[in-house]
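Just so you know, these numbers come straight off a predicted model, no measurement behind them. The residues of the chain are indexed from 1 along the displayed sequence.
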Amino acid sequence: MMEGTAGVSGRRDADESLLDDSDALAERDPGGMLRFTASAGAQVRESAALTAETNLTALADDGRPRAVVIAGIGTAGRTGDVLATVAGPRCPVPVIPHRSAGVPGWVGAADVVIAVSASGRSPEALGAAEAAHRRGARLVAVGAPDSQLQAAAERARAPFIPVPRRAPARASLWALTVPVLLAARTLGLVKVNEADLAETAARLDADADRCRATAEAFVNPAKSLALGLAGSIPIVWGSSPLATVAARRFGDTLSANARYPVVSGALGEAGRGRVGLLDGVFGGLAEGERDIFADPEETEVAGTRLRLVLLRDGGLNAEDDADEPLAVEERRADAVQTLAERRGVRCDVVTAEGGSALERLASLVAVPDFASVYLALAHGLDPMAVPAITEMKELANQ
């Protein structure tokens, strides 16, 4: 046990047997992170209903904005990435996620600021709301009801979409994302209809059932993914812009829940340098020490090794205008899988499914979200309690 506000406990080696003991999982998850993760579908439905009850007509009265800034940090900041990707290359105005306090210097009366905070008190969202009001920009705020952010929105006479705090911020991605998407729909920037939301919620419900604690590892894709990642340095790459958002989300949850260092990002960027990691001391050089004739399930490489997770999108329509042709993305993903195989680096693939961009994103996020929680539990870590975060806040506020 280390000194600290909450202390640090757990084991360095993952206990694989624990993942098939649902009672032990419940005992090691006192905060209920698995339950919160399973609520994703319900979050979509509740946030859609709450947004429908909010009067957003004033937001669209002045017509199409010059640009939209989504201000927030952490999971709230990811909502901007989701909006930019779901809106796609045909979006008529720039969609700009902003993760610092205030707003960019160019923001003015022609722009819209969407301030997002699960707690309703993050300095980034509060600063953005106040700056937007001062500069005459249109504002919409998303966050916990009866919070500082709601008060700031009321002072600005701006719409506020209440999102009840039912889960930790990092387990509230869908609760925060849906209001952002629907506010953007009001502005005519994104096409998300009620059927898309219903199908996305159903997809998240189905994946939560597949990944439930009582489902054994051999039929539970999240437990299988967690066990594959145990003891490794994960590299998570997305084959498309949509898959890249999911890859970065997986990096977030692996770091916060399981405390694993992660390399995550776009496969296209990886091809400009980071793919070289497959040749390095944690990749091909380490894997080269394995006996090629040994059973891979019985023989592990000594020391830490890379584990590649490839999130593949495949797109909805090969003819869609996109930043890059679908065929190029697919060839690149095939090439990276081949490179990993040649070097003995294990590779897990999660493939998108669904009839809309939002549902496809959900299909790439759900299983990895659960996997990050199961990996934490296998190491005896409480995914809810992160002592370093608490201590950092205390030290920074002294």
Side-chain angles (χ1 to χ4, degrees), residues 8 10-16 18-20 22 25-26 28-41 43 74-75 77-78 81-82 118 167-177 204 207-213 215 217 220-238 243-265 304 306-311 346-350 361-389:
V8 179
R11 63 181 69 85
R12 192 180 190 284
D13 297 322
D15 181 357
E16 298 186 9
L18 185 145
L19 293 190
D20 283 334
S22 58
L25 287 173
R28 286 162 173 76
D29 185 22
M33 187 62 85
L34 280 174
R35 183 178 72 254
F36 291 135
T37 304
S39 74
Q43 290 178 29
T75 301
R78 285 279 171 241
D81 299 331
V82 175
R170 63 182 180 275
S172 301
L173 175 67
W174 297 101
L176 297 173
T177 293
L204 291 166
D207 282 336
D209 184 62
R210 289 199 302 147
C211 298
R212 67 190 185 279
N220 186 321
K223 289 181 180 179
S224 297
L225 180 56
L227 293 176
L229 291 172
S232 73
I233 298 175
I235 298 181
V236 189
W237 285 328
T244 297
V245 173
R248 291 187 170 129
R249 163 68 178 178
F250 195 18
D252 294 341
T253 57
L254 279 173
S255 297
N257 292 334
R259 284 63 135 178
Y260 266 53
V262 189
V263 177
S264 64
T304 306
L306 297 181
R307 182 85 178 205
L308 178 61
V309 180
L310 188 57
L311 305 184
R346 309 285 180 82
C347 178
D348 297 284
V349 180
V350 181
L361 178 65
S363 74
L364 292 175
V365 167
V367 171
D369 270 6
F370 276 99
S372 71
V373 178
Y374 283 126
L375 186 55
L377 297 174
H379 282 285
L381 295 166
D382 180 354
M384 182 76 78
V386 186
I389 294 176

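The side-chain contact (heavy atoms from CB on, under 4.5 Å) search around R210 returns D207, P221, V367, not counting sequence neighbours. A search for side-chain contact (heavy atoms from CB on, under 4.5 Å) contacts involving V350 returns L311, L364, not counting sequence neighbours. When the side-chain contact (heavy atoms from CB on, under 4.5 Å) test is applied to A208, the partners found at least two apart in sequence or on another chain are A38, F370. Residues passing the ring-ring contact (aromatic ring centres under 6.0 Å, His included) test with F36, sequence neighbours excluded: none. Applying the salt bridge (Lys or Arg N to Asp or Glu O under 4.0 Å) rule to R170 yields no partners; only residues at least two apart in sequence or on another chain are considered. Taking the side chain to side chain donor-acceptor pair (under 3.5 Å) definition, one finds that S39 meets it with Q43, sequence neighbours left out.
Between M33 atom CE and L381 atom CG the span is 12.0 Å, to the nearest 0.5 Å. To the nearest 0.5 Å, the span separating CG on D348 from CG on L310 amounts to 10.0 Å. Separation of atoms CG (L19) and CZ (R28) is listed at 10.5 Å; rounding is to 0.5 Å. Here the straight-line distance linking atom OG1 of T244 with atom CG of D81 works out to 10.5 Å at 0.5 Å rounding. Rounded to the nearest 0.5 angstrom, S372 OG and F250 CZ are separated by 6.5 Å.
Considering all non-hydrogen atoms of both residues, A366 and L204 come closest at CB-CD2, 4.0 Å. The minimum heavy-atom distance linking R248 with S264 is given by the pair CA-OG, 3.9 Å. The two residues T304 and G231 have their closest heavy-atom pair at CG2-O, 3.7 Å. Across V373 and P383, no two heavy atoms sit closer than the pair CG1-CG, 3.9 Å. Taking all atoms of both residues into account, the shortest heavy-atom contact from N220 to R212 is ND2-O, 2.9 Å. Taking all atoms of both residues into account, the shortest heavy-atom contact from I233 to P261 is CG2-O, 4.1 Å.
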Practice problem: Kindly indicate, with the supporting measurements, whether the criterion side chain to side chain contact (heavy atoms under 4.5 Å, CB included) is fulfilled by V263 and V236. | Solution: CA-CA 6 Å; V263 177; V236 189; over 6 Å; no

Quiz prompt | Stepwise side chain to side chain contact (heavy atoms under 4.5 Å, CB included) check, R249 with T75 | solution = CA-CA 8 Å; R249 163 68 178 178; T75 301; 3.8 Å; yes

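The backbone N or O of A215 lies less than 3.5 Å from a partner atom in the side chain of K223, making a donor-acceptor pair. A donor-acceptor pair is defined here as one N or O able to donate and one able to accept, closer than 3.5 Å; such a pair exists between the side chain of R11 and the backbone of A378. Remark: side-chain polar atoms of S255 are not paired, donor with acceptor, to backbone N or O of D252 under 3.5 angstrom. A donor-acceptor distance shorter than 3.5 angstrom exists from the side chain of D20 to the backbone of A217, with no hydrogens or angles considered. Put simply, the side chain of Y374 never gets that close to the backbone of L25: no donor and acceptor are under 3.5 Å apart. The backbone N or O of L34 sits less than 3.5 Å from a side-chain atom of D29, completing a donor-acceptor pair.
Between the side chains of Y260 and H379, at least one donor-acceptor pair of N or O atoms lies under 3.5 Å.
Residues L375 and L254 have side chains in contact (heavy-atom distance under 4.5 Å, counting atoms from C-beta outward).
Partner C347 forms a side-chain contact (heavy atoms from CB on, under 4.5 Å) with one of L308, L306, I235 and no other, that one being L308.
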